[in-house]
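The sequence lines fix the lettering, A, B, ..., with proteins before strands; numbering per chain opens at 1. Note: hydrogens, waters and symmetry copies are ignored here, and every other heavy atom, side chains too, is used. All figures in this text were calculated on a predicted structure; none of them were measured in a lab.
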Amino acid sequence: MSRFFGLSLTALAAVATVSTASADGHTAALENATNARHAQMQVIAYHTGLLGEMAKGTTPYDAATATAAAENLASAASMNRIVLWLEGSEQGAIATSRAKTEIWSDASGFEEMAVALETAADAMVDAAGTDLDSLRAAMGGVGKSCGDCHKAYRGPKN
Amino acid sequence: MAVKRIILLAVVAVVGAGLFLTRPATLSADFAAGHVPDAEAGALVFHASGCASCHTSPDAEASDLPVLSGGLAFPSDFGTFHAPNISPHPTEGIGSWTQDEFARAVTLGVSPQGQHYYPAFPYAAYQHMTPGDVADLFAFMQTLPPSDIASIPHDVGFPFNIRRGLGLWKLAFVNDAYVMNDPTDPVLERGRYLVEAMAHCGECHTPRNAVGALDRSRWMAGAPNPSGKGTIPNITPAALEWSEVDLIEYFTSGFTPEYDSAGGEMAEVVTNLSQLPREDRAAIAAYVLALEPVQ
């Protein structure tokens with residue numbers, strides 16, 4: 001009797017280990033995607049910062065630097081979203097994530113926001129090298145696309 | 001017999017005093033007298049006061065002219081408040097109100113029917129608005145599109161559903177003095193007016209006591225988010241290390257010094273503040289930097 005129980009428990013433990021392992025593998029993939037998104041956001045923030053400091057006047061305007069920053073910003077903004085925004089990597093499911101489930105339940109709305117960032121970043125590529133006033137004007141579009149998307153699709157701080 | 005009569009008199013006196021103390025205030029007869037309302041100037045008052053953030057329907061599509069049909073829910077410890085329709089619709093909104101009725105509502109928190117409003121409506125801030133600004137605001141709001149969507153009643157339990165009781169709350173907690181002492185610098189004075197009379201930043205950034213009144217001794221020192229999720233930050237110099245330029249940029253584009261963007265309700269605030277003249281954003285920044293540091 002006790003031996004039977006012992007064997008059953010061992011079998012159960014084995015099953016449990018296997019299912020945990022596969023759950024871990026799945027979770028790891030979602031965590032990796034979340035980390036990659038955060039890295040993308042950092043790249044966007046860094047280049048927006050270079051442009052923003054010029055707009056604020058805290059660093060002097062330089063057309064070449066501004067253009068380089070705008071081009072990198074546009075590249076980061078246009079990254080393919082399919083492999084970054086994995087369903088199931090929302091806030092609550094992944095510890096560091098602040099992604100709202102609306103990203104997947106309202107996929108067309110999210111896509112619209114993402115395209116708005118691409119458009120604003122492309123406009124910045126044209127504006128950044130022109131002059132400081134053009135850069136400042138384009139900054140508003142970039143800021144609006146960040147804010148609109150975060151308002152709708154990003155949850156509160158963890 | 002005599003004892004009974006004395007008790008009766010005492011009851012009448014207490015009830016009478018209660019009714020007297022909780023009576024809804026009335027507007028002075030010459031409110032905004034001689035002022036010619038200017039709807040264009042009222043747009044600035046509207047944006048600075050953040051009316052659209054609460055009174056626009058949560059389902060509304062973004063548009064140039066806000067439709068103030070209300071409907072947004074505000075959960076609190078006392079129940080859930082719903083922002084009413086304040087569009088110029090004659091029956092569902094405030095389209096049939098007079099300027100004086102509007103001014104009484106905004107600055108005294110009393111409806112045209114003589115009922116107290118709940119302080120979810122920040123009339124404790126708006127009481128400081130100049131009569132001219134209130135009149136301009138009313139003129140501007142008349143130009144907005146009407147909505148026939150009915151207001152949702154508040155979901156507030158006993159005893160908070162007795163509106164007359166709000167008279168006592170007002171008596172105890174609506175302080176007609178500014179929090180910041182009179183500034184000598186005109187920029188700072190403008191900042192105080194924008195923050196304390198219009199933008200009502202303190203409603204979220206200042207903690208509240210057990211009956212929902214702002215703790216003025218901890219002005220702008222941060223508070224739990226009434227939605228239950230997260231906290232609203234301390235923006236006094238004890239906690240916030242942003243420069244004037246950082247603050248102005250944040251009010252303009254929503255970018256933090258780290259180039260993250262404003263989130264939650266603050267994103268709405270940035271939308272409003274970005275429509276003010278730059279000098280006004282600079283005045284708000286000056287006010288924030290001049291706040292008493294509170295840990």
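By the neighbour-count criterion of 12 heavy atoms within 6.0 Å, atom CD of B:E258 is densely surrounded, having more than that number from other residues, nucleotides or ligands. Remark: A:E102 CD is packed, more than 12 non-hydrogen atoms of other residues, nucleotides or ligands lying under 6.0 Å away. Other residues, nucleotides and ligands contribute more than 12 heavy atoms inside 6.0 Å of the CZ atom of A:R81.
Residues of residues 238-255 of chain B lying under 4.5 angstrom from chain A, judged on non-hydrogen atoms, are B:V245, B:D246, B:E249, B:S253, B:F255 by number. The contact list for residues 145-152 of chain B toward chain A, using heavy atoms and a distance under 4.5 Å, is empty. Proximity to chain B among residues 34-59 of chain A is limited to A:A45, A:T48, A:G49, A:G52, A:E53, A:K56, A:T58, judged by heavy-atom separations below 4.5 angstrom. The contact list for residues 124-142 of chain A toward chain B, using heavy atoms and a distance under 4.5 Å, reads A:M139, A:V142 by residue number.
Residue contact with chain A, scored on non-hydrogen atoms closer than 4.5 Å, is absent for B:E265.
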**Message:** For a side chain to side chain contact (heavy atoms under 4.5 Å, CB included) check, start with the C-alpha distance between B:V270 and A:K151, then their side-chain angles and the critical distance, and finish with the verdict.
**Reply:** CA-CA 11 Å; B:V270 169; A:K151 201 161 85 178; over 6 Å; no
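Contact of the B:S274 side chain with the A:K144 side chain is not registered, since no non-hydrogen atoms from C-beta on lie closer than 4.5 Å.
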